[in-house]
Amino acid sequence: MLRTIFSLSVFLLTYTSIAQDKLGIETSENAELIKALNSAQLIGENVEPNLSVRIYRLDNGTASAGFPSSEVSDNLLVAISAFDEEPEQNLFQIGPFLNPKVISWQVDQEYEKTFVVEHGPYDKRKAVRLGVNLQSMRIIE
């Protein structure tokens with residue numbers, strides 16, 4: 001899914017920068033991209049002069065959490081970008097989480113950040129610390 005989103009983004013950016021004379025409307029047949037753009041919800045954002053991190057929640061569908069109450073689990077899409085004319089950008093996906101919420105941010109270095117995601121049922125919440133930079137994302141124990 002990440003490769004599809006990246007490929008479509010590169011295509012659209014290239015196409016719009018070359019063919020600016022005529023407007024055109026096209027319908028996308030990419031089901032994953034359609035789902036992502038229609039159901040992604042921004043739940044966290046941290047923008048600093050060197051590094052931008054945006055976290056989107058993307059639901060996994062009805063009853064994906066495996067509970068009889070039909071709760072929905074979510075994956076997180078973590079979009080990372082540097083600031084430049086042609087910035088380095090990456091997109092990572094992690095999950096599943098139940099009711100994820102970004103509760104804190106920490107800037108570790110110029111191009112590194114960590115954040116804490118709280119998740120789980122309301123009476124059994126857990127927290128996981130994640131680290132990101134331009135090239136990678138990791139779970140911090």
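Heavy-atom basis, side chains included; hydrogens, waters and symmetry copies ignored. Only a predicted model underlies this, so the values are computations on that prediction, with no experimental measurement involved.
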**Report entry** Residue pair Gln93 / Leu76, side-chain heavy-atom distance below 4.5 Å
**Finding:** no
Report summary line: So CG of Asp84 and CD of Gln89: to nearest 0.5 Å the spacing works out to 10.5 Å
Query raised in the report: For Phe83 and Glu48, which heavy atoms make the closest approach, and how far apart are they?
Result: CE1-O, 2.8 Å
Query raised in the report: Closest heavy-atom contact between Pro87 and Ser81?
Result: CB-OG, 3.8 Å
Query raised in the report: Is it true that a side-chain atom of Arg129 and a backbone atom of Val117 form a donor plus acceptor pair closer than 3.5 Å?
Result: no
Query raised in the report: Does Leu130 reach the side chain of Thr114, with side-chain heavy atoms less than 4.5 Å apart?
Result: no
**Report entry** Full working for side-chain contact (heavy atoms from CB on, under 4.5 Å) between Val132 and Glu112
**Finding:** CA-CA 6 Å; Val132 293; Glu112 283 195 26; over 6 Å; no
Requested in this report: Answer yes or no: is there a side-chain heavy-atom contact under 4.5 Å between Ile55 and Leu42?
Outcome: no
Query raised in the report: Quick one: do Ile43 and Ile80 end up in the same hydrophobic cluster if we chain Ile, Leu, Val, Met, Phe, Trp and Tyr together by side-chain heavy atoms under 4.5 Å apart?
Result: yes
Query raised in the report: Side chains of Glu88 and Gln135: does their closest heavy-atom pair fall under 4.5 Å?
Result: yes
Query raised in the report: Which of parallel (below 30°), tilted (30 to 60°) and perpendicular (above 60°) describes Trp105 and Phe115?
Result: tilted
**Report entry** Criterion side-chain hydrogen bond (donor to acceptor under 3.5 Å, both in side chains) on Ser52 and Arg54, from CA distance to verdict
**Finding:** CA-CA 7 Å; Ser52 166; Arg54 290 181 174 87; 2.8 Å; yes
**Report entry** Interatomic distance, Lys101 atom NZ to Glu118 atom CD [nearest 0.5 angstrom]
**Finding:** 7.0 Å
Query raised in the report: Picking from Ile103, Val128, Leu98, what satisfies side chain to side chain contact (heavy atoms under 4.5 Å, CB included) with His119?
Result: Val128
Query raised in the report: Quick one: are Gln106 and Lys113 in side-chain contact, heavy atoms under 4.5 Å?
Result: no
**Report entry** Smallest separation among heavy atoms of Pro96 and Asn60, with atom names
**Finding:** CB-ND2, 3.8 Å
Query raised in the report: How far does CZ of Arg138 sit from CG of Asn133, to the nearest 0.5 angstrom?
Result: 6.5 Å
Query - Donor-acceptor under 3.5 Å (Asn90 side chain, Leu134 main chain) - result: yes
Query raised in the report: What do the steps show when you test Leu91 against Leu77 for side-chain contact (heavy atoms from CB on, under 4.5 Å), and what is the final call?
Result: CA-CA 7 Å; Leu91 181 66; Leu77 299 176; 4.1 Å; yes
Requested in this report: State, yes or no, whether a side-chain contact exists between Glu45 and Val53 at a heavy-atom distance under 4.5 Å.
Outcome: no
Query - Rounded distance (nearest 0.5 Å) linking atom CZ of Arg57 with atom CZ of Phe97 - result: 12.0 Å
Requested in this report: Indicate yes or no: at least one non-hydrogen side-chain atom of Leu58 is less than 4.5 angstrom from one of Ser39.
Outcome: yes
Query raised in the report: Between Asn46 and Leu51, is a side-chain contact (heavy atoms from CB on, under 4.5 Å) present by the stated rule, with each step listed?
Result: CA-CA 8 Å; Asn46 186 279; Leu51 187 67; over 6 Å; no
Report task. Report yes or no: do Val102 and Val116 belong to one cluster of Ile/Leu/Val/Met/Phe/Trp/Tyr joined by side chain heavy-atom distances under 4.5 Å? Result -> no
**Report entry** Minimum heavy-atom distance between Ser28 and Ile34, given as atom pair plus value
**Finding:** O-CD1, 3.3 Å
**Report entry** Check: Asp59 main-chain N/O paired with Lys35 side-chain donor or acceptor under 3.5 Å
**Finding:** yes
